[in-house]
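What you see below is based on every heavy atom in this structure, not just the backbone, and it leaves out hydrogens, waters and symmetry mates.
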Amino acid sequence: MAQLQARFFTDDTRYIVDDVPFSVPAASEVADLSNIINKLLEAKNEGHKYVEFDFLIKGQFLRMSLVKHMETENISTFTIADPFLSLFGMRGGPTQEEVVEIEYVEKFSAPQPEECMLHDDWISAVEATEEWILTGSYDQTSRIWSIEGKPLTVLTGHVDVVKDVAWVKKDSLSCLLLSASMDQTILLWEWNVEKNNVKALHCCRGHAGSVESIAVDASRTKFCSGSWDKMLKIWSAVPTDEEDEIEMEEVGNRPRKKQKTEQLGLTRTGNKVFNSISYSPLCRRLASGSTDRHIRLWDPRTKGDCKAPLYDLAAHEDKVLSVEWTEAGLLLSGGADNKLYSYQYQATSSDVGA
């Protein structure tokens, strides 16, 4: 059987083995290497208890045999096909062998479900705080749960699937939250935490297609909605007493008030259905992911019909399904091409006040 020369190393001082090369089968997988490390640790300490390990080669976790992993990652090494011939430099064995550096770390089991919370249909959106969980479902409702999984209240007001949810303001007395739906509206809700009752304050109308995504800006005073009508709209997240301009029949808990809106209209040409949007917590730039495989960065201060984004990023090979900013200034995107991209955005002086 072909062999590899490997040197094992770890930063965990509890599990250090001798810093010398070992000959291991090239077909070894994670379980085989874990057995090797445990045998070496047992030789040094009779009281050692078996520990499962994960292994990395050049920073990549091993998830197949050693030889397949090295072929996949284009890591060159020599294998010993015939040790006797290799001594004489003859065909069948190399004259020199590289030592593969293999890092190992303690393996931790995947988390197991602690609670199961049920809607009556698919759950399409989840957003959590330190205390509560907000969900949206194809059953046309949103629900609030305790972090332990206890159902607290149901938000009923949409007449079609709820596609996204978001917290606007959270404190111990009351909370503002949002739900977006295939009924082409967004509802702004107020939840009285102490009394555990909820009411819809405003119905944001204006989209002509399913509202797929909502994102609240860092000031918590406005939010953006992205829709299948190929439009982004920015709305005030501050409750008002303005009445609807058009009388509409109330449905369930659906309010008659209409939220004041500041709109950021985008070009309707091309295939730009918005699947996901996200506000940057640092520069307040708005990122959108669309079905035409593009990520676009927008200036939320722009008013009226904004036909051109600040940046148009086209790394994905298929539709972009999710975008998210991080506190560290990274923009992440996930697509139907099975790829996750990471972008570093440096805020400029023009970003101040965005």
Side-chain angles (χ1 to χ4, degrees), residues 115-207 209-217 220-228 233-244 248-261 276-277 279:
E115 299 292 340
C116 180
M117 294 161 269
L118 295 176
H119 272 271
D120 295 328
D121 209 330
W122 294 354
I123 295 176
S124 51
V126 178
E127 184 163 322
T129 70
E130 297 84 356
E131 298 179 78
W132 307 298
I133 302 168
L134 176 62
T135 57
S137 171
Y138 272 59
D139 64 11
Q140 304 180 11
T141 71
S142 301
R143 300 179 189 233
I144 301 174
W145 318 75
S146 71
I147 205 70
E148 295 80 21
K150 177 184 177 182
L152 298 178
T153 190
V154 180
L155 289 64
T156 305
H158 287 290
V159 294
D160 209 330
V161 170
V162 176
K163 295 304 296 290
D164 202 7
V165 293
W167 295 94
V168 177
K169 179 181 75 73
K170 307 175 291 291
D171 60 44
S172 59
L173 299 178
S174 67
C175 297
L176 291 178
L177 46 117
L178 296 163
S179 59
S181 172
M182 287 180 67
D183 65 11
Q184 306 178 9
T185 69
I186 307 105
L187 291 179
L188 176 64
W189 305 83
E190 183 179 41
W191 176 40
N192 185 310
V193 178
E194 184 179 11
K195 297 181 180 178
N196 192 27
N197 60 30
V198 64
K199 63 179 179 178
L201 299 178
H202 294 287
C203 181
C204 304
R205 305 180 184 92
H207 281 294
S210 172
V211 185
E212 294 293 298
S213 182
I214 45 178
V216 183
D217 86 327
R220 322 308 289 181
T221 61
K222 57 187 176 182
F223 66 93
C224 183
S225 58
S227 169
W228 273 59
K233 293 181 184 290
I234 292 180
W235 313 78
S236 168
V238 180
T240 70
D241 293 325
E242 182 181 356
E243 296 295 331
D244 275 346
M248 296 188 69
E249 181 181 357
E250 290 192 68
V251 180
N253 197 28
R254 198 179 182 86
R256 301 175 73 89
K257 299 177 184 176
K258 181 179 181 181
Q259 180 68 326
K260 286 183 178 179
T261 174
S276 181
I277 51 178
Y279 268 106

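- What you find for Asn192 and Glu194 is that their closest heavy atoms are OD1-N, 3.1 Å.
- Atoms OG and CG, from Ser225 and Leu178 in turn, are 9.5 Å apart once rounded to the nearest 0.5 Å.
- For the pair Met117/Thr135, no side-chain contact is recorded, criterion being any heavy-atom separation below 4.5 Å from C-beta on.
- For the pair Asp139 and Asp121, the tightest heavy-atom approach, listed with the atom from each and the gap, is N-CB, 3.6 Å.
- Annotation: the span from Ile214 atom CD1 to Glu127 atom CD amounts to 8.0 Å, rounded to 0.5 Å.
- When atom types are taken as modelled, the side chain of Asp164 and the backbone of Ala180 share no donor-acceptor pair closer than 3.5 angstrom.
- A heavy-atom distance below 4.5 Å is not found between the side chains of Thr141 and Val162.
- Nearest heavy-atom pair, Leu177 versus Trp167, reported as atom, atom and distance to 0.1 Å: CD2-CZ3, 3.8 Å.
- His158 and Trp189 have perpendicular rings, their planes meeting at more than 60° on a 0 to 90° scale where under 30° would count as parallel.
- Within the 4.5 Å cutoff, the side chain of Ile186 has heavy atoms near those of the His207 side chain.
- Atom CG in Leu155 sits 10.0 Å away from atom CZ in Arg143 (nearest 0.5 Å).
- Partners of Val161 by side chain to side chain contact (heavy atoms under 4.5 Å, CB included), not counting sequence neighbours, listed by chain and number: Tyr138, Lys163, Met182.
- Rounded to the nearest 0.5 Å, atoms SG (Cys203) and CG (Leu187) are 5.0 Å apart.
- A side-chain donor-acceptor contact under 3.5 Å links Ser210 and Glu212.
- In this structure, Ile144 and Leu134 have side chains that are in contact, with non-hydrogen atoms separated by less than 4.5 Å.
- In terms of heavy-atom proximity, Thr153 sits nearest to Asn196 at CB-OD1, 3.8 Å.
- Atom CZ in Arg205 sits 9.5 Å away from atom CG in Asp183 (nearest 0.5 Å).
- Between Asp120 and Ser137 the shortest side-chain heavy-atom distance does not fall below 4.5 Å.
- The ring-ring contact (aromatic ring centres under 6.0 Å, His included) test applied to Trp191 returns Trp132, not counting sequence neighbours.
- Between Leu118 and Cys116, the shortest heavy-atom distance links the atoms CD2-SG, 3.9 Å.
- Nearest approach of Phe223 to Ser236, heavy atoms of both residues: CE2-O, 3.7 Å.
- Looking at His202 and Pro239, their side chains come closer than 4.5 Å, going by heavy atoms from C-beta outward.
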Practice task
Would you please test Cys175 and Val193 for side chain to side chain contact (heavy atoms under 4.5 Å, CB included) and show each step?
Solution key: CA-CA 7 Å; Cys175 297; Val193 178; 3.8 Å; yes
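- In this structure, the side chain of Arg220 engages the main chain of Val168 through a donor-acceptor pair within 3.5 Å.
- The environment of CH2 in Trp228 is sparse: at most 12 heavy-atom neighbours from other residues, nucleotides or ligands sit within 6.0 Å.
- Lys169 contributes atom NZ, which lies 7.0 Å from atom CD of Glu190 (distance to the nearest 0.5 angstrom).
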